[in-house]
Novice: 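One structure, pasted below without further comment.
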Amino acid sequence: MQLHHRHDWNLTPSEAIALQQQLRTEVLSDRPIDLDAVRLVAGVDVSVKNEQSQAAIVVVTYPGFLLVETVLAQRPTPFPYVPGLLSFREGPVLEEAFEKLKSEPDVFLFDGMGIAHPRRIGIASHMGLWLQRPTIGCGKTLLCGRYKDLGEEKGSAAPLVDRKETIGVALRTRTAKNPMFISPGHLADIPTAAELVLRCSPKYRLPEPIRLAHNAAGQFSPLPA
DNA sequence: GCGACAG
DNA sequence: ATCTTGTCGC
């Protein structure tokens, strides 16, 4: 895929924060996804082992979730985990994986936040600026914001609010399981992001594309030189 | 100043 | 995220 808005990754934490403040102004998080036009969905995930990061992007049909493409990329892990700066840890290896991608997914689902982030630019938003396609953040735990109790039934949801601003939704993708925290990355809005994630979760708490990416990234095997 | 804190 | 056995439940 062609990537836009590329920049150096060799930044200190304070430089990274300054870059986020600059990039956040370009994130579009009130744009409905045309759900009827979605044909391909990608799941994105990164796993780390021994200072090495492996990224996996799995593209599946929608609906149906038939495998279309899997790409892997490996790199030394360049940046420690710092809450709020995840994209600077996982971005470099993801950049390499995106460049290998042959198909053109209509939407990308990320393991991590979109605008549900202290500076409203989590990894799904940041990568969305490169991809110039709709992206959605799918967090398993909360980074910031609060939400009220929601029903136990699959499909139940409650707004995620931070500093008086609605930044996403706590969404029950599986009955009686902990909710997922869904937020627009880029070129998406909260209602359609939540709807798509729900439709991508037919059986498990994790959306199917992310589950597949997680499995693909989890098992390290040397890539063909 | 004191917690909280995606993966 | 990662380190890890058995175990409860559909």
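Note on naming: letters A, B, ... go to the chains in the order of the sequence lines (proteins, then strands), and numbering restarts at 1 for each one.
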Novice: What nucleic acid atoms does Ile123(A) come within less than 4.0 Å of, heavy atoms only: base, sugar-phosphate, or nothing?
Specialist: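 Base contact.
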Novice: Taking atom CD as the centre, does Glu51(A) end up with more than 12 heavy-atom neighbours from other residues, nucleotides or ligands that are less than 6.0 angstrom away?
Specialist: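 No, CD of Glu51(A) has 12 or fewer neighbouring heavy atoms, counting only those of other groups under 6.0 Å.
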Novice: Of the listed nucleotides (dG7(B), dA6(B), dT2(C)), which one gets closest to any side-chain atom of Met113(A)?
Specialist: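 Within the option list, the nearest is dA6(B).
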Novice: Just the rounded figure in Å: distance from P of dC5(B) to CG of Leu85(A).
Specialist: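 Going from CG in Leu85(A) over to P in dC5(B) covers 16 Å.
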Novice: Phe181(A) CZ to dG7(B) C1': how many Å, rounded?
Specialist: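 Going from Phe181(A) (CZ) to dG7(B) (C1'), I get 14 Å.
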Novice: For the residue pair Arg89(A) and Tyr81(A), would you count it as a cation-pi contact if the rule is NZ or CZ under 6.0 angstrom from the ring centre and within 45 degrees of the ring axis?
Specialist: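 Ring-cation test returns no.
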Novice: In whole Å, what is the span from the CE atom of Met127(A) to the C1' atom of dG7(B)?
Specialist: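 Computing the Met127(A):CE to dG7(B):C1' distance gives 13 Å.
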Novice: If you look at every strand shown and take non-hydrogen atoms under 4.0 Å, does Gly139(A) touch a base, only sugar-phosphate, or nothing?
Specialist: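 Contact class for Gly139(A): sugar-phosphate only.
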Novice: Can you tell me if Lys49(A) touches the phosphate of dC3(C), counting only side-chain N or O atoms and a distance under 4.0 Å to OP1 or OP2?
Specialist: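 Answer no for this pair, as no side-chain N or O of Lys49(A) is under 4.0 Å from OP1 or OP2.
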Novice: Round to a whole Å and report the spacing from CG of Leu143(A) to P of dA4(B).
Specialist: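 One finds 14 Å between P of dA4(B) and CG of Leu143(A), rounded.
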Novice: Using the side-chain heavy atoms of Asp111(A), tell me which of these nucleotides is nearest: dT2(C), dG7(B), dA6(B).
Specialist: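 It is dG7(B).
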Novice: Is there a side-chain contact between Thr141(A) and the phosphate of dG7(B), meaning an N or O under 4.0 Å from OP1 or OP2?
Specialist: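 Yes.
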Novice: With sugar-phosphate meaning primed atoms plus P, OP1 and OP2, does Gly137(A) contact a base, only sugar-phosphate, or nothing at under 4.0 Å between heavy atoms?
Specialist: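 Nothing, no heavy atom under 4.0 Å.
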Novice: Between Arg172(A) and Glu152(A), does any NZ, NE, NH1 or NH2 come within less than 4.0 Å of an OD or OE carboxylate oxygen?
Specialist: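 Judged by the 4.0 Å cut-off on N to carboxylate O distance, Glu152(A) and Arg172(A) do form a salt bridge.
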Novice: For dC5(B), does either OP1 or OP2 sit under 4.0 Å from a side-chain N or O belonging to His117(A)?
Specialist: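 Checking dC5(B) against His117(A), no side-chain N or O comes under 4.0 Å of OP1 or OP2.
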Novice: Roughly how many Å is it from CG in Leu86(A) to P in dA4(B), rounded to a whole number?
Specialist: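 Rounded to whole Å, this separation is 21 Å.
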Novice: Hey, are Glu208(A) and Lys203(A) close enough for a salt bridge, meaning a charged N less than 4.0 Å from a carboxylate O?
Specialist: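 Salt bridge: no.
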Novice: In whole Å, I'd like the distance from the NE2 atom of His126(A) to the P atom of dG7(B).
Specialist: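 Atom NE2 in His126(A) sits about 18 Å away from atom P in dG7(B).
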Novice: Can we say Arg211(A) and Asp45(A) salt-bridge, meaning some charged N sits less than 4.0 Å from an Asp/Glu carboxylate O?
Specialist: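 No, this pair does not count.
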Novice: Aromatic rings Trp9(A) and Phe88(A): how do their planes relate, parallel, tilted or perpendicular, breaks at 30° and 60°?
Specialist: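 Rings of Trp9(A) and Phe88(A): perpendicular, as their planes differ by over 60°.
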Novice: Between atom CD in Glu51(A) and atom C1' in dT2(C), what is the gap in whole Å?
Specialist: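 Nearest whole value for this atom pair: 12 Å.
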Novice: Grab the CZ-C1' distance between Arg146(A) and dA6(B) for me, whole Å please.
Specialist: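 It works out to 19 Å between those atoms.
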Novice: Wobble G-U and Watson-Crick pairs count when both distances are under 3.5 Å; given that, what is the 5' to 3' dot-bracket string of DNA chain B, with | for pairing to other strands?
Specialist: .......
Novice: Under 3.5 Å, is there a donor-acceptor pair between the Gln54(A) and Ser47(A) side chains?
Specialist: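 No.
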